[in-house]
Amino acid sequence: MSYVFGNSYEENKKFLDNLIRLDKSFDVIGKTLVIGGRKACYYLIDGFCKDEVMEKVLEFLYKLKPEEMSMSPEEFIDEHIPYGETTLIKDDEQFIQNFLSGVPILLIDGYNKMIATDFRTYPARSVDEPEKDKVMRGSRDGFVETVVFNTALIRRRIRDPRLVMEIHNIGRSSKTDVVVSYIEGRVNPRILEEVNKRIAAIDVDALTMNLESFVECFYPHRWYNPFPKFKFSERPDTAAASVLEGNIVILVDNSPSAIIVPTSVFDIVEDADDYYFPPITGTYLRLSRLIIDIAALLLSPTFLLLMMNPEWIPEGLKFIMIKETINVPILYQLLILEFAIDGMRLASLNTPNMLSTPLSIVAGIVLGDFTVSSGWFNSEIMLYMAFVAVANYTQSNFELGYALKFMRVITLIATGIFGIYGYVAGVVLSVLALACNKSFKGYSYLYPLIPFNAKQLLRRFFRISLPGTEKG
């Protein structure tokens with residue numbers, strides 16, 4: 001049962017001091033003061049408060065006279081609180097939600113409601129370009145870990161009064177802020193209702209891993225289908241464009257990425273650079289990315305199949321045959337390199353910046369020269385796996401890159417064991433994994449291919465116009 005504040009200052013203060021463990025936490029502050037002859041206490045968390053604003057508010061409150069205090073809390077904040085964002089707190093649940101979010105709250109003797117003045121600030125890094133979602137031309141700002149900054153970056157681009165930012169709190173302990181952004185009149189009401197329904201149904205103690213914890217609670221799915229269910233972006237321009245197209249953008253506090261729903265595989269492979277160049281250039285970049293993704297999936301299994309059946313190789317392609325001695329079976333070489341590439345990627349993530357360049361050079365020499373000369377790997381296999389490794393970086397979605405990798409490894413193993421039948425089975429399995437991947441309710445993962453929509457499918461392959469520039 002919640003505690004409703006009364007008029008007794010001493011009782012209210014004693015309850016709040018025990019509630020927030022004022023005597024145990026060094027960063028929880030209860031600043032006692034006298035306002036207009038009445039006892040008062042400002043509760044705040046050190047590090048979340050703008051000191052210069054706090055100083056000005058206190059300076060104004062200290063000047064109040066006793067006769068100016070004989071009014072209701074509603075009248076008091078209207079006449080005597082020199083700050084725009086003020087609300088009244090009537091019970092401990094509202095107090096905890098606001099106080100632990102960093103909002104300074106004022107308790108005054110004789111008032112049965114507390115006054116929350118939202119001049120909090122959060123530790124945040126600067127708004128820089130995302131490391132992953134870089135563009136050759138376009139804006140250089142990116143989402144940060146503070147959700148209020150992220151909503152401001154979207155509003156800066158969409159000055160439409162129909163733009164809505166609904167906030168939810170998730171987690172009994174973390175009470176993480178989750179914002180649902182959309183434009184009324186453009187969003188599908190059925191999908192919006194489903195989004196809010198799923199968010200309301202989340203019952204967890206905390207979103208420990210922020211965005212990933214939210215995603216797994218928001219849309220549970222079978223672990224064995226690796227293809228991503230959502231599009232993630234760290235770019236405000238991409239999120240704004242998605243909102244203008246009628247999609248929903250979900251922002252989670254403490255996470256520099258946005259979730260875009262609903263989404264299909266064609267949305268996931270899109271990139272911001274597609275729209276920062278003229279239509280013909282953007283179309284070329286988009287088609288190149290699609291072709292490279294398909295090639296990365298099929299190149300090494302196809303090569304393995306042809307090496308197992310050299311009589312299938314056309315006369316004009318005989319040069320792809322391995323001429324050196326094969327000491328390690330081709331299948332084992334390909335699988336070892338698949339894991340070695342991931343090992344190098346993980347090593348680069350944990351390598352200090354000052355050492356990353358020399359270590360990458362050493363790793364390149366060792367894997368590129370010594371492993372071939374020692375007989376472990378053949379140069380042709382190193383060439384094809386180098387293409388696969390580079391191809392993984394042609395699109396910005398990590399999940400899609402690893403999904404293609406898993407399908408490629410499965411196809412490789414099936415081809416090595418069962419030959420042409422395994423190759424066909426691997427390709428069919430990859431297609432089925434795409435087709436059977438369940439996207440958001442009522443939305444196909446392969447839309448506009450399934451269900452077929454010729455106009456939208458054309459737009460997915462050819463960059464015709466920019467989001468928001470259509471007439472009407």
Side-chain angles (χ1 to χ4, degrees), residues 129-140 142 226-235 237-239 241-242 257-258 260 263-303 334 337-349 356 360 363-364 367-368 381-412 426-427 430-431 433-434 437 445-446 449 457 459-463:
E129 184 178 18
E131 283 292 325
K132 182 62 177 171
D133 293 345
K134 290 186 176 181
V135 292
M136 290 180 282
R137 181 189 297 171
S139 58
R140 304 295 179 184
F227 285 96
K229 306 297 185 294
F230 306 101
K231 180 176 182 178
F232 300 91
S233 178
E234 296 186 31
R235 299 192 59 83
D237 49 3
T238 300
S242 299
S257 295
I260 300 173
T263 191
S264 70
V265 68
F266 296 102
D267 297 317
I268 292 174
V269 298
E270 282 186 353
D271 193 82
D273 267 328
D274 298 349
Y275 297 99
Y276 278 118
F277 288 96
I280 187 171
T281 307
T283 299
Y284 168 77
L285 293 174
R286 181 175 298 178
L287 293 178
S288 299
R289 194 179 306 112
L290 286 170
I291 294 172
I292 291 173
D293 285 342
I294 295 173
L297 173 64
L298 298 178
L299 180 63
S300 53
T302 303
F303 175 74
L334 292 171
L337 287 174
E338 287 281 3
F339 292 109
I341 289 171
D342 274 337
M344 293 181 64
R345 180 184 296 181
L346 293 174
S348 66
L349 290 175
S356 59
S360 63
L367 287 180
I381 294 177
M382 293 288 292
L383 170 64
Y384 299 135
M385 289 307 300
F387 170 82
V388 169
V390 174
N392 285 334
Y393 295 101
T394 58
Q395 46 84 27
S396 59
N397 190 283
F398 277 112
E399 290 82 0
L400 181 60
Y402 274 105
L404 294 175
K405 180 186 184 68
F406 296 149
M407 293 296 104
R408 182 173 63 248
V409 170
I410 291 174
T411 306
L412 270 173
V427 173
S430 302
V431 174
L434 276 171
N437 194 24
Y445 194 67
L446 291 180
L449 185 62
L457 186 63
R459 291 171 62 90
R460 290 296 188 271
F461 284 102
F462 300 96
R463 213 282 275 164

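Predicted model only: the values in this text are computed from it and were never measured. The residues of the chain are indexed from 1 along the displayed sequence.
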Can you name the closest pair of heavy atoms from [X] and [Y] and give their distance?
{"X": "Asn392", "Y": "Gly401", "result": "OD1-O, 4.3 Å"}
{"X": "Phe232", "Y": "Asn397", "result": "N-ND2, 4.4 Å"}
{"X": "Ile292", "Y": "Phe387", "result": "CG2-CZ, 4.4 Å"}

[atom1]/[X] to [atom2]/[Y] distance, rounded to the nearest 0.5 angstrom?
{"X": "Phe266", "Y": "Arg286", "atom1": "CZ", "atom2": "CZ", "result": "11.0 Å"}
{"X": "Leu285", "Y": "Thr394", "atom1": "CG", "atom2": "OG1", "result": "11.0 Å"}
{"X": "Glu270", "Y": "Leu290", "atom1": "CD", "atom2": "CG", "result": "9.5 Å"}
{"X": "Glu234", "Y": "Glu129", "atom1": "CD", "atom2": "CD", "result": "10.5 Å"}
{"X": "Tyr276", "Y": "Asp237", "atom1": "OH", "atom2": "CG", "result": "3.5 Å"}
{"X": "Arg289", "Y": "Asp271", "atom1": "CZ", "atom2": "CG", "result": "4.5 Å"}

_Main-chain N/O of Leu449 paired to Arg460 side chain as donor or acceptor, under 3.5 Å_ =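 Such a contact is absent between Arg460 side chain and Leu449 backbone.
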*Heavy-atom donor-acceptor pair, Arg408 side chain to Pro301 backbone, under 3.5 Å*: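 No; zero donor-acceptor contacts below 3.5 Å.
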*Flag yes if more than 12 heavy atoms outside Tyr402 fall under 6.0 Å of its OH atom; otherwise flag no.*
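Enclosed.
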*Counting only heavy atoms not in Phe398, do more than 12 sit closer than 6.0 Å to its CZ atom?*
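12 or below, so no.
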*Kindly state each residue pair satisfying salt bridge (charged side-chain N to carboxylate O under 4.0 Å, His left out) with at least one member in residues 387-397, sequence neighbours excluded.*
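As it turns out, there is no salt bridge (charged side-chain N to carboxylate O under 4.0 Å, His left out) pair with a partner in residues 387-397 once direct neighbours are skipped.
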Kindly indicate whether the side chain of [X], heavy atoms from C-beta on, has any atom under 4.5 Å from the side chain of [Y].
{"X": "Met136", "Y": "Phe277", "value": "yes"}
{"X": "Leu334", "Y": "Tyr384", "value": "no"}
{"X": "Ile260", "Y": "Thr238", "value": "yes"}
{"X": "Phe406", "Y": "Ser430", "value": "no"}
{"X": "Pro226", "Y": "Lys405", "value": "no"}

*Given side-chain contact (heavy atoms from CB on, under 4.5 Å), test Arg140 with Lys134 step by step and report yes or no.*
CA-CA 8 Å; Arg140 304 295 179 184; Lys134 290 186 176 181; 5.6 Å; no
*asked:* List the residues meeting side-chain contact (heavy atoms from CB on, under 4.5 Å) with Thr263, not counting sequence neighbours, and say none if there are none.
replied: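 Expected list: Lys231, Asp267, Ile268.
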Mind listing the side-chain donor-acceptor pairs of residues 293-300 below 3.5 Å, one per line with the distance, residues two or more places apart or on another chain?
none

*Go through Phe227 and Met407 one step at a time and tell me if the side-chain contact (heavy atoms from CB on, under 4.5 Å) criterion holds.*
CA-CA 10 Å; Phe227 285 96; Met407 293 296 104; 4.0 Å; yes
